[in-house]
Amino acid sequence: MMGLFFNPASPEAEATEDFRRIVFIVPAQLGDVFLCTPAIHAARLRWPRARIDVLGFAGTLGLLDGNPDINNLVELRPSNKSNWKTKLGEAWRVWRRYDLALVARTSDRAHLIGWLAGRQRSVLLPDHERGRAWKARAAQHSCEAEGIAVVPGNLALLSPWVKTPLTLSLLPPPPLPLPAPLEAQLRSPCVVVHVPSMWRYKQWPVAHFRCVIETLLADGVQVVLTGSASENDQALVAAMLGVGTEPDLIDVAGRLQLRQLRALLEHADAYLGPDTSITHLAAAVQVPIVTLFGPSWPDYFGPWPHEHSPTNPWRRRGQRQQVGNMIMLQGPDRLDRPQCVPCNRMGCEHRSDSASHCLENLGPERVLIELRRLLRDAEAERLSSVN
């Protein structure tokens, strides 16, 4: 349950403070940062003249590029790449710079930065006892992180001052034009397929992806492969290239900026991807989605539907769930561990490079059924608009 040490319905909540400098502290991965955009937008509506900054790790703020609600993006080095001199410099750079710090992560580092940066602080508390007491004492307002989806959980940071909106939407970065040669190659029907996951325990097997892509190509569907320029992503995407050639199968991994990727998704008839940041972007762009979840909790990490009420769109368990034009698939339980999906562990061995039995046993046939259904719906909608 989420609990606040402040009554969000009290009339004083909206009348007492007019903050001029606000910072969202989100030292997290790309997708987690992106899920803060509804809260950032709510803060902008509440304090239209305030300076609103977002502080996060270098390389994780790209989906906030061009966001009209944000004045400045402040980058931190990841913990494994910063020494004590770097951290002292970071502390000096943010020391009491802000009237309000909103700490959207439960880590020690995020809370320490919040204490350094903000004269007032509203924070998310961890669900375990370690560090919980001092984090609560160091903030004026706090709320629980456990048991609530990331998007409304972030919004809860503002509950002392902001009434809950009727709907919440992610705000994608404004699009940039695609490279002209790529734009000339695109046709319909087109499916964007994001093969890579950062962590192995979230990775759907490469052989399954190859089967889906090969079948889509045989159906006459164009497939565009996305990913980053990282060694991991490039290797996983390269494993797909033998099943087709351009323009039927196009590899844009590492070749597009995130804002160009938004433009590509707007062209697509459907999207297939795992529990990753690009799936959240596809949801924000409102392209029909099939997303593949393994051990992660869908009700906490699932993609957020456009203009959805601030209630959780996903259930904790379910091999198939659908919200609007978004379909989430999860694999079956292990025979030796009934009802183990989702376990919210890092795979069956609980480490980032572990395999996940539930993903390995989520067959490509299930995915193809859903993608073909979405493509039929897209074609029917296109024909009806023409007529």
Side-chain angles (χ1 to χ4, degrees), residues 1-3 26 28-39 104-107 110 124-130 132 143-157 168 170 194 197-204 272-284 289-305 308-324 326-334 337-362 366-367 370:
M1 289 291 292
M2 177 182 62
V26 202
Q29 298 301 322
L30 186 67
D32 298 311
V33 174
F34 185 45
L35 292 176
C36 283
T37 55
R105 302 299 287 176
T106 61
S107 67
L124 289 181
L125 293 178
D127 57 359
H128 50 78
E129 290 301 322
R130 180 181 171 274
R132 181 184 172 92
C143 52
E144 304 286 347
E146 184 183 19
I148 186 170
V150 174
V151 169
N154 291 332
L155 185 69
L157 293 169
L168 299 173
L170 303 183
H194 190 86
S197 293
M198 178 179 291
W199 312 114
R200 186 189 172 198
Y201 73 92
K202 294 184 177 184
Q203 182 66 56
W204 199 45
L272 170 64
D275 172 18
T276 191
S277 57
I278 305 307
T279 300
H280 293 303
L281 178 60
I289 289 172
V290 176
T291 185
L292 312 173
F293 266 56
S296 301
W297 285 343
D299 55 333
Y300 189 76
F301 298 104
W304 192 263
H308 195 272
S309 69
T311 57
N312 205 323
W314 304 103
R315 303 186 306 275
R316 175 65 53 90
R317 290 178 57 84
Q319 289 193 24
R320 182 190 185 277
Q321 299 186 55
Q322 182 167 0
V323 179
M326 297 194 300
I327 297 167
M328 179 186 294
L329 299 178
Q330 284 191 293
D333 303 321
R334 289 178 54 168
R337 295 183 184 175
Q339 296 190 333
C340 72
V341 182
C343 63
N344 205 39
R345 291 163 54 86
M346 292 185 292
C348 296
E349 299 170 21
H350 197 41
R351 62 173 193 261
S352 60
D353 63 347
S354 168
S356 293
H357 182 273
C358 52
L359 275 173
E360 292 178 348
N361 288 281
L362 198 170
R366 288 177 60 193
V367 175
E370 303 298 348

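Side chains are part of it too, since the values below use all heavy atoms of this structure and drop only hydrogens, waters and symmetry mates. Numbers here simply count residues along the sequence, with the first being 1.
A search for side-chain contact (heavy atoms from CB on, under 4.5 Å) contacts involving N361 returns P332, H357, not counting sequence neighbours. Considering only residues two or more places apart in sequence or on other chains, S197 meets the side-chain hydrogen bond (donor to acceptor under 3.5 Å, both in side chains) condition with none of them. In this view, R320 and Q322, I327, L329, E370, R373 satisfy the side-chain contact (heavy atoms from CB on, under 4.5 Å) rule, not counting sequence neighbours. Applying the salt bridge (charged side-chain N to carboxylate O under 4.0 Å, His left out) test to R315 and every residue at least two apart in sequence or in another chain returns nothing. For S354, there are no side-chain hydrogen bond (donor to acceptor under 3.5 Å, both in side chains) partners at least two apart in sequence or on another chain. Every residue meeting the salt bridge (charged side-chain N to carboxylate O under 4.0 Å, His left out) condition with E349, not counting sequence neighbours, appears here in chain and number order: R351. Residues passing the side-chain contact (heavy atoms from CB on, under 4.5 Å) test with D333, sequence neighbours excluded: R317, Q339, C340, V341. For Q321, there are no side-chain hydrogen bond (donor to acceptor under 3.5 Å, both in side chains) partners, not counting sequence neighbours. Listed by chain and number, the residues in a side-chain hydrogen bond (donor to acceptor under 3.5 Å, both in side chains) with T276 amount to none (sequence neighbours excluded). For V151, the side-chain contact (heavy atoms from CB on, under 4.5 Å) partners at least two apart in sequence or on another chain are L35, P38, L168, L170, W304.
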Between C143 and L125, does a side chain to side chain contact (heavy atoms under 4.5 Å, CB included) hold up when you go through it step by step? CA-CA 6 Å; C143 52; L125 293 178; over 6 Å; no
What do the steps show when you test S296 against K202 for side chain to side chain contact (heavy atoms under 4.5 Å, CB included), and what is the final call? CA-CA 8 Å; S296 301; K202 294 184 177 184; 3.7 Å; yes
Determine whether C343 and R337 satisfy the following criterion, side chain to side chain contact (heavy atoms under 4.5 Å, CB included), listing intermediate values before the conclusion. CA-CA 10 Å; C343 63; R337 295 183 184 175; over 6 Å; no
Side chain to side chain contact (heavy atoms under 4.5 Å, CB included), that's the test. Do L292 and L272 meet it? Break it down for me. CA-CA 8 Å; L292 312 173; L272 170 64; 3.9 Å; yes
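Checking side-chain atoms of S356 against main-chain N and O of Y201 turns up a donor-acceptor pair under 3.5 Å. Using modelled atom types, no side-chain atom of W297 and backbone atom of A149 make a donor-acceptor pair closer than 3.5 Å. Judged by distance alone, the side chain of R366 and the main-chain N or O of Q319 form a donor-acceptor pair under 3.5 Å.
Between F293 and F301, the closest heavy-atom pair is CZ-O, 3.8 Å. A pairwise comparison of heavy atoms in C36 and N154 identifies SG-ND2, 3.4 Å as the closest pair. Closest heavy-atom contact between V26 and A104: CG2-CB, 4.1 Å. Shortest non-hydrogen contact noted between P342 and Q330 is CB-NE2, 3.9 Å. When all heavy atoms of R316 and P298 are compared, the closest pair comes out as O-CD, 3.3 Å. Considering all non-hydrogen atoms of both residues, A283 and P303 come closest at CB-CB, 3.9 Å.
Taking the side chain as every heavy atom from C-beta outward, M326 and P305 approach each other to under 4.5 Å. With a 4.5 Å cut-off on side-chain heavy atoms, F34 and S277 do not count as touching. In this structure, Q203 and P274 have side chains that are not in contact, with every pair of non-hydrogen atoms separated by 4.5 Å or more. Residues M346 and P295 have side chains not in contact (no heavy-atom distance under 4.5 Å, counting atoms from C-beta outward). Residues Y300 and N344 form no side-chain contact, since every pair of their non-hydrogen atoms from C-beta on lies 4.5 Å or further apart.
D353 and R200 are not joined by a salt bridge, as no carboxylate oxygen comes within less than 4.0 angstrom of a charged side-chain nitrogen. Under a 4.0 Å N-O distance rule, the pair R132/E144 qualifies as a salt bridge.
Put simply, CH2 on W204 and NE2 on H194 are 14.0 Å apart, with the number rounded to the nearest 0.5 Å. Note that NE2 of H280 and OG1 of T37 are 10.5 Å apart. Values are rounded to the nearest 0.5 Å. Once rounded to the nearest 0.5 Å, the distance linking CG of L281 with CD1 of I289 reads 9.0 Å.
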